[in-house]
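Remarks on the structure that follows.
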Amino acid sequence: MGAIVIDEADALLKDHPMEELDALFNAIPMMKSRSLKCSHPIRKDILVAASATADSPIVGEFARRFMHSDWSTISTTNASMLPNHIIHTLLVCPEVKLFESLKKILHASPQPTQALIFANDPYRVQTICSRLGDANIIAAPLSGNVTKEDRQEILLRLRDGRVSVVVSTDLSARGLDLPDVSHVINFDLPLNTESYLHRAGRCGRAGRPGIVVNIASGQRMFIPLKLSKHLKVPLYALDVHHGQLWVGKHVK
């Protein structure tokens, strides 16, 4: 039995021309050998197309596009599920206190093993990194304005522990496996459920503890509330007192 697993199948369909995908699949030995004529029964190989956020028809489209009569094809989605061990929280504060709240979270106990802070555009990423630097918190930027080489270096430093705080756009929300990220902090609130799901999925990998912190002013707290209801995940009030994170009541 052989298998090929394609993650983020919907993104591949959206972001890559079919010619590129055809060339990639035709270069895989398993895909080449499926067309060989054999006198004995051909084994059933498996093509698994998956995405955490796409609906079944989109993932199914990818699977059908590359399926072959000698292949069993599975499409899988998991749009409404996040690991139960990830805690989703909401910290409400005045607009002028948002950055002060971010600093308190980064210094509070339990301190982040690694923290991934999300902003909604590259300019905001640079601004947050600069302000954190002024507060003696070293943070690395990840956005479309960062070169491929610098991005690879930042990810390498994350994986080996030389960097503990990264500020990013949604560029880092898809497909990254960073096992030591304990805190995902939405300094800029996500724009939709797909964005929230991919951001939240960066923490709590492989069963490790994880917390998602949504920082919002009173006028914008409806956004994480709406997203949590859509994704069917409980949202808890968060506060920082005496250097300690306090998770409170379920926010409805």
Side-chain angles (χ1 to χ4, degrees), residues 52-53 78-120 124-125 128 131-132 135 137 139 158 164-170 172-174 176 178-252:
T53 55
N78 198 14
S80 62
M81 295 292 290
L82 280 165
N84 292 332
H85 61 272
I86 295 178
I87 301 171
H88 302 264
T89 66
L90 171 62
L91 192 154
V92 180
C93 64
E95 191 77 29
V96 295
K97 295 288 187 181
L98 292 178
F99 187 76
E100 191 65 30
S101 296
L102 174 63
K103 291 194 297 181
K104 288 182 178 179
I105 292 165
L106 293 175
H107 286 304
S109 177
Q111 283 200 322
T113 308
Q114 289 178 336
L116 196 50
I117 303 166
F118 282 100
N120 287 340
R124 292 277 286 170
V125 168
I128 294 168
R131 292 191 66 184
L132 287 174
I137 299 173
L158 260 176
S164 60
V165 179
V166 168
V167 184
S168 178
T169 60
D170 281 338
S172 294
R174 266 191 184 263
L176 289 183
L178 302 170
D180 293 326
V181 172
S182 57
H183 290 49
V184 164
I185 303 172
N186 289 321
F187 187 79
D188 285 344
L189 297 172
L191 302 177
N192 51 53
T193 53
E194 180 177 353
S195 174
Y196 187 94
L197 185 60
H198 279 297
R199 291 180 182 191
R202 296 312 100 203
C203 70
R205 308 291 283 184
R208 294 177 176 87
I211 184 169
V212 179
V213 180
N214 298 284
I215 307 176
S217 63
Q219 292 81 7
R220 294 178 62 80
M221 62 181 291
F222 73 93
I223 296 175
L225 278 169
K226 182 179 179 180
L227 294 175
S228 68
K229 288 177 181 177
H230 184 81
L231 291 168
K232 299 180 175 62
V233 294
L235 190 66
Y236 297 95
L238 184 73
D239 207 347
V240 184
H241 278 308
H242 306 296
Q244 180 81 35
L245 288 182
W246 295 91
V247 177
K249 293 181 179 180
H250 185 196
V251 182
K252 298 181 181 179

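Side-chain atoms are counted along with the backbone in the values below, which use heavy atoms only and exclude waters and symmetry mates.
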Within-4.5 Å side-chain heavy-atom neighbours: P112 and V165: no
Is the closest side-chain heavy-atom distance between C203 and I86 below 4.5 Å? yes
Sequence neighbours left out, what passes ring pair (Phe, Tyr, Trp, His ring centres under 6.0 Å) with H183? Give chain and number order. none
Would one find more than 12 heavy atoms of other residues, nucleotides or ligands at under 6.0 Å from atom CZ of R208? yes
Any side-chain to backbone donor/acceptor pair from S164 onto Q114? Under 3.5 Å, distance only. no
Is there side-chain contact between H107 and V240, with heavy atoms separated by less than 4.5 Å? no
Considering all heavy atoms, the nearest S168-L116 contact: CB-CD1, 4.4 Å
Validation row: R205, L178 side chains within 4.5 angstrom (heavy atoms): no
Are the side chains of D170 and H198 in contact, using a 4.5 Å heavy-atom criterion? no
To the closest 0.5 Å, what do you measure between CG (L91) and CG (N186)? 12.0 Å
Report the distance from atom CD1 of I215 to atom SG of C93, rounding to the nearest 0.5 Å. 6.5 Å
If you round to the nearest 0.5 Å, how far is CG of L102 from CD1 of I137? 7.0 Å
Please report the interatomic distance CD1(I223) to OG(S228), rounded to the nearest 0.5 Å. 12.0 Å
Taking the side chain as every heavy atom from C-beta outward, state whether N214 and L235 have any atom pair closer than 4.5 Å. yes
How many angstroms lie between CZ in R220 and CG in L225, if you round to the nearest 0.5 Å? 13.0 Å
Parallel, tilted or perpendicular: which describes the rings of F187 and F99, with under 30° parallel and over 60° perpendicular? perpendicular
Kindly check if the number of other-residue, nucleotide or ligand heavy atoms within 6.0 Å of NE2 (H242) is above 12? no
Considering all heavy atoms of both residues, which atom of R202 and which atom of F118 are nearest to each other, and what is their separation? CG-CZ, 4.3 Å
Minimum-distance pair of heavy atoms, taken over all atoms of P190 and R199: N-NH1, 3.5 Å
Do you know the tightest heavy-atom contact between L189 and P224? CD1-CD, 3.8 Å
Minimum heavy-atom distance between Y196 and H88, given as atom pair plus value: OH-ND1, 2.8 Å
Are T113 and D180 close enough that a side-chain donor and a side-chain acceptor fall under 3.5 Å? no
Are L132 and L106 side-chain neighbours, meaning at least one heavy-atom pair lies under 4.5 Å? yes
Looking at every heavy atom in both M221 and G218, which two are closest together, and how far apart are they? CG-O, 3.3 Å
Find out whether V92 and V251 are in side-chain contact, i.e. whether some heavy atom of one side chain is under 4.5 Å from a heavy atom of the other. no
Taking atom CG of L227 and atom CG of N192, what is their separation to the nearest 0.5 Å? 7.5 Å
Would you list the pairs meeting salt bridge (charged side-chain N to carboxylate O under 4.0 Å, His left out) in which at least one residue belongs to residues 237-252, sequence neighbours left out? none
Selection residues 87-100 - residue pairs positive for salt bridge (charged side-chain N to carboxylate O under 4.0 Å, His left out), sequence neighbours left out: E100-K103
